[in-house]
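Lettering follows sequence order; numbering is per chain, from 1. Everything quoted here is computed from the prediction, not taken from an experiment.
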Amino acid sequence: MSQLRVRFAPSPTGYLHIGGARTALFNFLLARKEQGNFILRIEDTDVARSTQTSVDAILQAMDWLGLNYDEGPIYQSERFDLYRSKVQELVVAGKAYRCYCTPEELEQRREAAMKSGGKPKYDRTCLHRQDQPDDRPYAIRFLVPDGETAFVDRIKGTISFQNEELDDLIIQRSDGTPTYNFVVVIDDAEMGMTLVLRGDDHVNNTPRQILLYQALSYAVPEFAHVPMILGADKTRLSKRHGATSVMEYRVMGFLPEALVNYLARLGWSCGDEEIFSMEELIVKFDLDHVGRSAGVFNPEKLLWLNAHYIKTGDRQRLATLLKEYLGERGIETDGGPDLVGVVKSLQERSHTMVEMAEGAAFYFADKVDYLPEAVSKCCTPEAKAGYQTVLKHLSALDDFSHDAIAAAFNQAMSETGLKLGKLAPPVRVALNGTTTSPSVYEVLEVLGKERSLTRLRQGEALFAT
RNA sequence: GGUCCCUUCGUCUAGCGGUCAGGACAUCGGCCUUUCACGUCGGUAACGCGGGUUCGAUUCCCGCAGGGAUCACCA
């Protein structure tokens with residue numbers, strides 16, 4: 001049994017963004033599907049740009065999405081000794097060499113080469129250098145062998161490069177710290193990765209890394225590169241296109257399962273299916289159906305999915321969430337109507353939890369905030385009699401259930417000869433101050449008799465005589 | 001510029017030689033209706049171009065065009 005081992009390796013220089021989340025998700029799904037291991041590794045070799053705040057933000061976002069890992073987080077910054085010894089191993093074997101060229105010199109030569117139409121690759125000046133002084137700063141470069149390097153990408157198919165296109169890349173900086181392309185190989189190899197699933201932008205790094213694996217006598221893992229995510233204008237997804245941070249979506253009232261479902265379907269498909277729970281994804285996800293081309297992030301479809309999950313979600317759980325969203329808006333729910341009832345009345349008409357919270361606010365308000373236009377439109381002198389008839393019948397109810405309320409309205413209708421379209425609007429205004437709300441029957445039921453009647457009696461004053 | 005990758009409705013995509021090119025979001029109509037939604041029925045809408053291969057190409061091959069990625073002592 002060959003155990004699948006995959007990893008997600010973000011660099012902690014910011015929050016977890018949509019693209020990274022999808023890469024993490026794909027790795028997670030594969031690991032769970034194959035019953036392999038999912039490792040989280042923090043790529044913080046760039047000490048200057050890495051922060052603990054970012055690490056925390058990434059961990060929090062993964063937790064929210066439900067992407068738990070089996071090993072880690074492993075910090076590369078704690079493994080410098082290992083990297084250094086591996087660099088030495090290559091130097092001793094003659095597969096890497098010291099380079100005394102300064103960044104400034106290299107930059108100059110690059111520019112000169114570009115200007116004369118040549119390739120901006122390292123000219124191997126120091127490969128042929130005779131002296132190797134220890135008292136001068138030097139970086140270590142990997143000596144790229146001649147030939148061709150090819151690999152079979154699990155998503156894109158065979159990809160090959162001529163080694164001469166590759167630079168003798170620096171694997172250790174002059175300050176002694178290792179560079180990305182080197183540590184990623186050491187870690188993926190030492191941690192036993194069997195598949196490296198990552199963003200498309202790493203395709204060009206892959207041949208260099210393969211050469212490194214070979215130079216260090218490591219087994220080369222399989223690779224799979226997922227296409228990037230674009231904004232509506234087909235450019236790389238960025239702040240301009242809206243929220244890119246996973247956690248921003250929670251703030252905006254999205255459910256994690258909606259984001260997971262959306263991200264999974266962005267670039268992957270399973271016939272005509274659109275709705276997938278995490279459990280289904282684990283069973284159905286596969287690399288064979290991951291597309292090769294970049295995809296545009298479509299917020300509207302995500303919104304539709306979110307509405308779907310709100311519509312079909314567990315009311316008790318949504319009630320708990322709603323309480324949080326209301327709390328963030330300064331609305332206290334204790335002592336108010338039953339939250340599950342509130343959720344039930346709003347569930348079908350909310351696309352986000354924020355929307356639900358906004359729609360639920362009136363249930364918990366001490367006094368109704370009347371919208372002037374709603375009052376003038378619905379609480380007309382002609383409507384007053386009908387309103388009072390409704391109020392009379394509702395007052396007489398012992399059982400304030402939906403059905404009983406409906407019966408009360410029916411009585412009022414036959415008594416006044418008015419249709420529900422005439423009777424309901426002013427009641428709605430009295431209850432929530434506007435012309436839009438859940439069904440008035442539901443609102444009355446959720447509010448309960450006492451609160452309802454209080455509001456209805458207050459509402460009598462709305463009618464201009 | 002070099003190298004590498006990509007190309008089906010507006011968007012996400014199904015398709016793996018013969019389909020009226022399917023689904024979903026969005027959009028446009030109808031229905032439902034106490035408001036707003038939801039739901040429901042239906043419509044509009046796509047194979048980048050040019051060569052091949054083949055009885056037959058969206059599908060296979062080669063060009064072209066257009067996108068994108070990458071060419072750091074960043075990751």
Please state whether the base of [N] and the side chain of [X] form at least one donor-acceptor pair under 3.5 Å?
| X | N | answer |
| --- | --- | --- |
| A:E274 | B:rG23 | yes |
| A:R292 | B:rC6 | no |
| A:S439 | B:rU34 | yes |
| A:S437 | B:rC36 | no |

Looking at every strand, decide which applies to [X] at a 4.0 Å heavy-atom threshold: base, sugar-phosphate, or nothing.
| X | value |
| --- | --- |
| A:V203 | sugar-phosphate |
| A:T45 | sugar-phosphate |
| A:K419 | nothing |
| A:T102 | base |
| A:E165 | sugar-phosphate |
| A:T435 | base |
| A:L266 | sugar-phosphate |
| A:T436 | base |
| A:R49 | base |
| A:Y441 | base |
| A:S269 | sugar-phosphate |
| A:P425 | nothing |
| A:N205 | base |
| A:N181 | base |

Inset, instruction - Step by step, work out the salt bridge (charged side-chain N to carboxylate O under 4.0 Å, His left out) result for A:E274 and A:K301. - result: CA-CA 11 Å; A:E274 294 288 349; A:K301 188 159 184 178; 3.1 Å; yes
Inset, instruction - Using distance alone, with no hydrogens and no angle criterion, decide if A:Q209 and A:H202 have a side-chain donor and acceptor under 3.5 Å apart. - result: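 No, no side-chain donor-acceptor contact under 3.5 Å.
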Taking [M] as the reference, what is the distance to [N] when you measure between their [atom1] atoms (whole Å, please)?
| N | M | atom1 | value |
| --- | --- | --- | --- |
| B:rC31 | B:rG23 | P | 24 Å |
| B:rG1 | B:rU19 | P | 41 Å |
| B:rC20 | B:rU53 | C1' | 27 Å |

Inset, instruction - Using side chain to side chain contact (heavy atoms under 4.5 Å, CB included) as the criterion, point out the one residue from A:I171, A:L82, A:L212 that pairs with A:I186. - result: A:L82
Legend entry - Cation-pi check, A:R141 onto A:Y122 ring (under 6.0 Å, within 45° of axis): yes
Legend entry - Nucleotide B:rA75, atom C1' - distance to CZ of A:F8 in whole Å: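 Result: 12 Å.
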Legend entry - Basic-acidic side-chain contact under 4.0 Å: A:R292, A:D153: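 Salt bridge absent between A:R292 and A:D153.
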Inset, instruction - Tell me whether A:H202 is stacked on the nucleobase of B:rA75, counting only the six-membered base ring and applying the 5.5 Å and 30° thresholds. - result: yes
Inset, instruction - Start with the C-alpha gap between A:D168 and A:Y97, add the side-chain angles, then the distance that decides, and say whether side-chain contact (heavy atoms from CB on, under 4.5 Å) holds. - result: CA-CA 10 Å; A:D168 281 352; A:Y97 59 94; 2.7 Å; yes
